[in-house]
Participant: 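Before I ask anything, let me first share the structure, which is written out below as structure tokens.
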Amino acid sequence: MRMSKLFSRTLREAPSGAESRGYELLLRAGFINQLGAGIFSQLPLGYRSIKKIEEIIRQEMDRIGGQEILMPVVNPAEIWKETGRYYSIDKELSRFKDRVGRDMVLAMTHEEAVTDLARQQIDSYKRLPNMVYHLQTKWRDDPRPRAGLIRVREFTMKDSYTFDKDWDGLEKQYAAHYDAYFRIFKRCGLPVIAVGSDTGMMGGKIAHEYMYLSPIGEDSIIICPDCGITTNKQVAEFKKDYYPEEILESEIVETPGTATIAELAAFLSIPTRKTAKAVFMMGTFTDENGEEEERLITAVIRGDLDVEEAKLQNAAGANRLRPAQDEEIRKTGMEPGYGSPIGSNCMVIVDDSAAKSNNLVAGANKAGLHTLHTNFGRDYTGKTADIASASEGDTCPNCDASLTISKGIEVGNIFQLGTKYSESLNCTFQDEDGTRKPVVMGSYGIGIGRLLACLAEEYCDDSGLKLPLAVAPYQVHIVSLVKNNEIPEKIYNELSDTGIDVLFDDRKDSAGVKFNDADLIGIPVRIVIGNRTLKQDAVEVKLRSGGEAEQVPISDLGQKISDILSEMRKLESL
RNA sequence: CGGGCUGUAGCGCAGGGGUAGCGCGCUUGGUUCGGGAUCAAGAAGUCGGUGGUUCAAAUCCACUCAGCCCGACCA
């Protein structure tokens with residue numbers, strides 16, 4: 001490609017609003033362009049990188065038995081109603097009506113579509129196991145897109161789906177994906193860790209997320225430095241300490257002005273772990289008729305801990321949660337700031353920290369009053385679950401080391417869906433024994449644009465991008481500094497003819513402009529053609545990753561470049 | 001959806017009742033030609049939109065749209 005003809009151009013200044021380095025460089029180098037909030041175009045350079053990433057993904061998916069298909073972005077709402085997600089997912093799922101008034105949705109993922117496909121294709125155990133994948137646009141009307149390509153509304157995702165006759169089969173395909181994902185990220189050059197994760201709106205049992213650790217990440221990952229366990233904070237477990245003691249009679253005492261745990265503990269001169277905190281949330285549930293309703297949830301946890309909302313949502317079986325407002329709490333006879341599960345007539349979820357502790361101080365559901373010595377079982381009941389939020393310094397449940405916390409960006413995930421979708425959409429097969437069974441499914445995603453955004457964060461310096469050879473838009477960048485482009489043209493054509501992706505700066509700009517643009521775009525190998533070396537029938541070859549420029553005779557250039565590229569490939573695959 | 005900020009030339013910004021400016025970029029010509037050259041001459045903006053106040057609005061007021069940041073939210 002000749003730069004004089006390149007559709008995009010570089011920007012000297014970062015467009016306002018580009019807060020992360022990688023995002024700024026993708027914009028300045030002309031890889032992407034923003035059309036609206038969370039809506040981006042891929043320009044020629046960016047799209048070339050995207051296509052290289054996609055090709056790596058295709059190869060690795062094919063390698064574990066995937067078959068590429070393409071499913072529609074627009075789905076009839078019917079299948080989404082069948083699985084219930086039409087009702088359980090809020091505004092993130094965009095709905096519209098077609099010309100005759102049929103309900104339609106913009107697919108934000110393709111479990112419904114693929115399960116509908118599978119129920120038509122798969123009728124017998126003989127057709128299992130199977131696996132399909134596609135690379136398709138998703139639309140998710142995120143309430144707050146941000147951070148460039150990290151969190152967008154429209155994006156391309158590779159999603160694959162596995163079909164098995166039993167959980168053993170699913171385990172195998174899941175394991176295959178687990179490894180394939182590491183190969184994909186490795187080949188792209190992105191360092192990731194796999195963390196245990198919440199299954200969220202996907203439902204299902206086991207799930208992992210692939211995280212690129214970065215301070216600009218929005219997910220919190222709990223990491224054990226000793227045994228290496230990594231978990232999304234949303235589901236991270238940790239070892240809780242208990243302080244069993246003899247159960248005492250409860251007693252109501254006056255505690256004026258102690259609406260927070262800190263105030264209460266200070267007023268009574270007790271540690272916060274001697275208190276029970278009641279947290280009120282409004283949960284959205286789907287009733288038998290498919291209608292949504294909000295119900296108050298009282299979450300009880302020991303005062304020294306905090307509630308992890310994702311855990312609470314799972315324990316409660318709610319579609320989503322939001323903090324309850326004071327009036328909503330009072331309406332059910334409880335008192336904000338002095339809340340107590342005692343006598344509660346709404347759903348109560350109790351963290352085991354509170355359930356297994358004795359004689360905690362809880363609210364009395366009257367302002368200014370608390371109850372001493374409350375005990376789970378005797379004074380109140382409820383569903384017990386782990387709903388506590390893990391944080392830095394908590395104890396690893398596995399090896400007793402002190403946990404640490406890091407920020408990460410989720411670039412991929414894998415889910416064991418099980419039969420959630422096959423059951424709701426009646427995707428069944430006839431097994432060897434003649435019985436009809438639901439297909440056991442798995443679902444596996446990679447956000448392509450987000451992956452590129454992470455690579456941009458990982459591979460950049462003060463001058464610009466420096467993407468790995470495997471995903472760089474071009475392999476070689478020819479910078480011509482001579483007026484007569486005859487020799488550069490010849491070199492450009494010769495290299496291109498050997499199948500190398502070459503970007504040729506044939507513009508009539510000054511050397512400085514060309515060098516700076518070359519640094520900014522960051523093609524791995526740079527050939528500088530100038531009078532300085534041309535006198536000796538030589539050019540300079542320099543790597544974007546660093547090191548000195550090397551003078552190479554033109555006659556040896558083809559071999560030299562080919563050697564460099566294969567050396568680079570070798571290094572990147574280590 | 002709450003809180004904050006910003007919309008003026010392709011990009012980055014200034015101006016703040018009297019009819020629009022700077023830097024970069026762009027066009028043409030000259031001189032340059034190995035790290036964002038230089039001189040000269042140009043082109044380019046319904047000042048996000050609508051309504052109002054005023055003799056007069058980019059500027060003041062109201063509403064609205066869009067984008068960004070924080071939070072809520074979120075495979």
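In what follows, every chain begins at residue 1, and chains take the letters A, B, ... in the order their sequences are listed.
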Participant: I need the CG-P distance between A:Asp519 and B:G34, as an integer number of Å.
Facilitator: 17 Å
Participant: Between A:Glu111 and A:Thr115, does any side-chain donor sit less than 3.5 Å from a side-chain acceptor?
Facilitator: no
Participant: C1' atom, B:C61 versus B:U53: distance in rounded Å?
Facilitator: 7 Å
Participant: Among residues 531-543 of chain A, which ones have heavy-atom contacts with RNA chain B below 4.0 Å?
Facilitator: A:Asn531, A:Arg532, A:Thr533, A:Glu540
Participant: Among B:C74, B:G25, B:G35, which nucleotide has an atom closest to any side-chain atom of A:Arg9?
Facilitator: B:G25
Participant: Sequence neighbours excluded, which residues qualify as side chain to side chain contact (heavy atoms under 4.5 Å, CB included) partners of A:Arg146?
Facilitator: A:Arg144, A:Arg151, A:Glu218
Participant: Can you name the side-chain hydrogen bond (donor to acceptor under 3.5 Å, both in side chains) partners of A:Ser88, sequence neighbours left out?
Facilitator: none
Participant: With a 3.5 angstrom cut-off on both distances, give the Watson-Crick or G-U wobble partner of B:A66, or none if there isn't one.
Facilitator: B:U6
Participant: Going by distance alone, is a donor N or O of one side chain under 3.5 Å from an acceptor N or O of the other, for A:Asp159 and A:Gln136?
Facilitator: no
Participant: With a 4.0 Å limit, can you tell me whether A:Ser16 has a side-chain N or O closer than that to the phosphate oxygens OP1/OP2 of B:C68?
Facilitator: no
Participant: Which part of the nucleic acid, if any, lies within contact of A:Gly36, taking any heavy atom under 4.0 Å across all strands shown: a base, the sugar-phosphate backbone alone, or nothing?
Facilitator: sugar-phosphate
Participant: Separation of A:Lys508 atom NZ from B:U32 atom P, in whole Å?
Facilitator: 17 Å
Participant: Please give, in whole Å, the distance from B:A72 P to A:Met281 CE?
Facilitator: 11 Å
Participant: In whole Å, what is the span from the CG atom of A:Asp505 to the C1' atom of B:G34?
Facilitator: 13 Å
Participant: Does A:Gln234 reach a base, just sugar-phosphate, or nothing at all? Heavy atoms under 4.0 Å.
Facilitator: nothing
Participant: Select from A:Gly38 and A:Lys138 the residue whose nearest nucleotide in RNA chain B is closer to the 5' end of that strand.
Facilitator: A:Gly38
Participant: Identify the residue among A:Leu25, A:Ile521, A:Ile50, A:Leu149 that makes a side-chain contact (heavy atoms from CB on, under 4.5 Å) with A:Phe31.
Facilitator: A:Ile521
Participant: So which pairs with a foot in residues 504-513 of chain A pass salt bridge (charged side-chain N to carboxylate O under 4.0 Å, His left out), sequence neighbours left out?
Facilitator: A:Asp505-A:Arg507, A:Arg507-A:Asp509, A:Arg507-A:Asp517
Participant: Using a cut-off of 4.0 Å on non-hydrogen atoms, how would the nucleic acid contact of A:Pro15 be classed: base, sugar-phosphate, or nothing?
Facilitator: sugar-phosphate
Participant: What distance, rounded to whole Å, do you find between the two P atoms, one in B:A20 and one in B:G49?
Facilitator: 16 Å
Participant: Please name all residues satisfying side chain to side chain contact (heavy atoms under 4.5 Å, CB included) with A:Ile69, sequence neighbours left out, ordered by chain then number.
Facilitator: A:Met71, A:Leu117, A:Val132, A:His134
Participant: Mind checking who B:A72 pairs with, Watson-Crick or G-U wobble, both distances under 3.5 Å?
Facilitator: none
Participant: Return the nucleotide paired to B:A37: Watson-Crick means purine N1 to pyrimidine N3 with N6-O4 or O6-N4, wobble means G-U with N1-O2 and O6-N3, both under 3.5 Å.
Facilitator: B:U31
Participant: Which comes earlier along RNA chain B counting from the 5' end, the contact point of A:Met157 or that of A:Thr10, where each point is its nearest nucleotide?
Facilitator: A:Thr10
Participant: Is A:Arg12 close enough to B:G25 that one of its side-chain N or O atoms is under 4.0 Å from OP1 or OP2 there?
Facilitator: yes
Participant: Where do A:Thr230 and A:Ala194 come nearest, in terms of heavy atoms and distance?
Facilitator: OG1-O, 2.7 Å
Participant: With respect to the side chain of A:Arg144, which nucleotide from B:G34, B:C70, B:C68 is positioned closest?
Facilitator: B:C70
Participant: When the distance from CG of A:Leu11 to C1' of B:G36 is rounded to whole Å, what number comes out?
Facilitator: 13 Å
Participant: Tell me yes or no: between the side chains of A:Glu457 and A:Ser20, is some donor less than 3.5 Å from an acceptor?
Facilitator: yes
Participant: Say whether A:Thr83 and A:Glu112, considering side chains only, have a donor N or O and an acceptor N or O under 3.5 Å apart.
Facilitator: yes
Participant: Counting only Watson-Crick or G-U wobble pairs whose two distances fall under 3.5 Å, which nucleotide matches B:C60?
Facilitator: B:G52
Participant: Could you state the CG-P distance from A:Asn314 to B:C74, rounded to the nearest angstrom?
Facilitator: 11 Å
Participant: Roughly how many Å apart are B:G16 and B:U50, using the P atom of each and rounding to a whole number?
Facilitator: 24 Å
Participant: Among B:C68, B:G25, B:C11, which nucleotide has an atom closest to any side-chain atom of A:Glu13?
Facilitator: B:C11
Participant: Return yes when atom CD of A:Glu237 has more than 12 non-hydrogen atoms of other residues, nucleotides or ligands closer than 6.0 Å, and no otherwise.
Facilitator: no
Participant: Using the C1' atom in both, what is the distance from B:U31 to B:A56, to the nearest Å?
Facilitator: 49 Å
Participant: For B:A9 and B:A43, measure between their C1' atoms and round to the nearest Å.
Facilitator: 11 Å
Participant: Provide the distance between the two C1' atoms, one in B:A14 and one in B:U28, to the nearest whole Å.
Facilitator: 29 Å
Participant: For B:G42, what is the paired nucleotide under Watson-Crick or G-U wobble rules, both distances under 3.5 Å?
Facilitator: B:C26
Participant: If I take atom CG in residue A:Leu312 and atom P in nucleotide B:C74, what distance separates them, rounded to the nearest angstrom?
Facilitator: 12 Å
Participant: Have a look at A:Arg507 and say if it touches a base, only the backbone sugar-phosphate, or nothing, with a 4.0 Å heavy-atom cut-off.
Facilitator: nothing
Participant: Could you state the atom-to-atom distance from CG of A:Asp90 to C1' of B:A72 in whole Å?
Facilitator: 12 Å
Participant: Any base atoms under 4.0 Å from A:Ala549, or only sugar-phosphate, or nothing? Heavy atoms, all strands.
Facilitator: nothing
Participant: Counting the atoms with a prime plus P, OP1 and OP2 as sugar-phosphate, which does A:Lys483 contact under 4.0 Å by heavy atoms, base, sugar-phosphate, or nothing?
Facilitator: base
Participant: Verify whether one side chain among A:Tyr421 and A:Arg85 offers a donor that lies under 3.5 Å from an acceptor in the other.
Facilitator: yes
Participant: Considering Watson-Crick and G-U wobble pairs with both distances under 3.5 Å, what does B:A14 pair with?
Facilitator: none
Participant: Which part of the nucleic acid does A:Gly445 contact within heavy-atom distance under 4.0 Å: base, sugar-phosphate only, or nothing?
Facilitator: nothing
Participant: NA contact type, A:Asp509, heavy-atom cut-off 4.0 Å: base, sugar-phosphate, or nothing?
Facilitator: nothing
Participant: Side chains of A:Ser220 and A:Lys407: do they bring a donor and an acceptor to under 3.5 Å?
Facilitator: yes
Participant: Please give the distance between the C1' atoms of B:U8 and B:G23 as a whole number of Å.
Facilitator: 15 Å
Participant: Using atom C1' in both nucleotides, what's the gap between B:G4 and B:U46 to the nearest angstrom?
Facilitator: 30 Å
Participant: Do any side-chain nitrogens or oxygens of A:Arg151 fall under 4.0 Å of OP1 or OP2 in B:C74?
Facilitator: no
Participant: For RNA chain B, which residues of residues 25-34 of chain A approach it to below 4.0 angstrom with any heavy atom?
Facilitator: A:Arg28, A:Gln34
Participant: Of all the nucleotides listed (B:G35, B:C74, B:G36), which has the minimum atom distance to the side chain of A:Ala511?
Facilitator: B:G35
Participant: Nearest to the side chain of A:Ala37, heavy atoms from C-beta on, is which of B:G35, B:C70, B:G67?
Facilitator: B:G67
